[in-house]
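Quick notes on the structure that follows.
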Amino acid sequence: MTLQRRDVVQALLADRGGLLVVAGLGSTAWDCTAAGDSALTFPMWGAMGSAAMTGLGLALAQPERRVLVITGDGEMLMGLGSLATIGVQQPANLSVVVVDNERYGETGMQATHTAQGVDLAAMARAAGFASGVLVRDGAQLAAVCRSVQQDAGPHFAQIKVAAQKVPLVLPPRDGALLKSRFREALLGKSAALQ
Ligand SMILES: Cc1ncc(C[n+]2csc(CCOP(=O)(O)OP(=O)(O)O)c2C)c(N)n1
């Protein structure tokens with residue numbers, strides 16, 4: 001049975017512990033909020049194509065923490081060069097998960113290149129990621145959830161999900177607030193003020 005996007009993101013974030021999460025703009029940010037708003041989730045709200053690079057910066061700055069980027073196929077396609085940079089930098093604590101509905105959901109469900117067979121996981125492997133997997137079922141998803149938390153990366157997963165419209169569950173909209181609460185939750189109150 002086809003995976004459902006909200007179930008996928010719920011599974012990725014269920015036992016997140018201290019995981020730092022960057023959510024791509026649009027649907028994946030709503031999915032993360034639906035799984036539970038968290039100060040340690042940074043939703044992009046824009047900057048299409050930048051989610052993986054933001055995750056890389058965070059992973060390099062916080063090598064003791066696990067970092068997970070959850071983004072859409074359209075967003076990832078806009079920032080493909082980031083796969084090469086991550087492959088070169090080799091952050092062992094970074095995972096990039098693409099929730100692949102083969103559509104630009106927010107702008108009207110136009111088909112993306114993954115609907116024509118573009119294999120993002122193979123691109124990530126070719127770029128030098130430690131793993132790059134295409135996921136279609138619950139057992140494969142469970143393996144990704146384990147890798148995100150435990151295995152040396154960088155990891156990449158392209159998770160095929162149904163192309164469905166789901167209710168909006170919006171995170172806070174104020175960028176300054178999102179930045180401050182993320183920094184405070186990560187660094188503590190006084191360090192976050194520096
Ligand atoms: C540079 C830029 N181009 C276009 C948009 C408009 N836009 C916002 S979300 C989106 C679609 C995102 O698609 P995808 O990442 O696949 O997410 P999903 O299908 O899960 O919503 C587009 C085209 C934008 N915000 N920025």
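Numbering of ligands and ligand atoms starts at 1, following listing order. Nothing fancy with the numbering, it's 1 onward along the sequence.
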Exercise. For atom 16 (O) of ligand 1, which candidate among G74, A163, G105 holds the nearest heavy atom?
Worked result: G74

Seminar exercise, completed: dist L178:CG -> M44:CE (nearest 0.5 Å) comes out at 11.0 Å

For this session: Give me the one residue out of D73, I159, I70 that meets side-chain contact (heavy atoms from CB on, under 4.5 Å) with V99.
Result: I70

For this session: Do me a favour and list the nearest non-hydrogen protein atom to atom 15 (O) of ligand 1 with residue, atom name and distance?
Result: E75 N, 2.8 Å

For this session: Determine the sole option in L68, L94, V96 for which the side-chain contact (heavy atoms from CB on, under 4.5 Å) test with V148 is passed.
Result: L68

Problem set entry | Donor on one side chain, acceptor on other, S131 and H155, under 3.5 Å | yes

Problem set entry | For atom 5 (C) of ligand 1, the protein heavy atom that lies nearest, with its residue and separation | M48 SD, 3.6 Å

For this session: Say whether T107, considering both its backbone and side-chain N or O atoms, lies within less than 3.5 Å of an N or O atom on ligand 1.
Result: no

Exercise. Given that the side chain starts at C-beta and the backbone is N, CA, C, O, which of these parts of D73 lies under 4.0 Å from ligand 1, counting heavy atoms, or is it both or neither?
Worked result: both

Exercise. Tell me, which protein residue and heavy-atom name are nearest atom 17 (O) of ligand 1, and how many Å apart are they?
Worked result: G72 CA, 4.0 Å

For this session: Compute the minimum heavy-atom distance from M109 to ligand 1 and say whether it is under 4.0 Å.
Result: no

Exercise. Do any heavy atoms of L25 fall under 4.0 Å from ligand 1?
Worked result: yes

Problem set entry | Residue pair S147 / Q150, side-chain donor-acceptor N/O under 3.5 Å | no

Exercise. Under 4.0 angstrom from ligand 1, any heavy atom of V99?
Worked result: no

Exercise. Do R16 and T41 have side-chain N/O donor and acceptor atoms under 3.5 Å apart?
Worked result: yes

Exercise. Atom OG1 in T112, atom CE in M76: separation rounded to 0.5 Å?
Worked result: 12.5 Å

Exercise. Counting only heavy atoms, which portion of R5 has something under 4.0 Å from ligand 1: side chain, backbone, both, or neither?
Worked result: side chain

Problem set entry | Per-atom contacts of ligand 1 with E106, taking only distances under 4.0 Å to non-hydrogen atoms | 8 (C), 9 (S), 21 (O)

Problem set entry | Sidechain N-carboxylate O distance under 4.0 Å for R181, D37 | yes

Seminar exercise, completed: Tightest non-hydrogen contact, residues F182 and L20, listed as CZ-CB, 4.2 Å

Exercise. Is M78 touching ligand 1 with its side chain, its backbone, both, or neither, if touching means heavy atoms under 4.0 Å apart?
Worked result: side chain

Exercise. Just heavy atoms, cut-off under 4.0 Å: does R103 contact ligand 1 by side chain, backbone, both, or neither?
Worked result: backbone

Exercise. Out of curiosity, is G26 lining ligand 1, as in a heavy atom under 4.0 Å away?
Worked result: no

For this session: Enumerate the atoms of ligand 1 whose separation from the nearest heavy atom of S27 is less than 4.0 angstrom.
Result: 18 (P), 20 (O), 21 (O)

For this session: Could you tell me which non-hydrogen atom of R103 sits nearest to which non-hydrogen atom of A115, and how far apart they are?
Result: NH1-CB, 4.4 Å

Exercise. In terms of atom number and element, which parts of ligand 1 are under 4.0 angstrom from non-hydrogen atoms of N101?
Worked result: 18 (P), 19 (O), 20 (O)

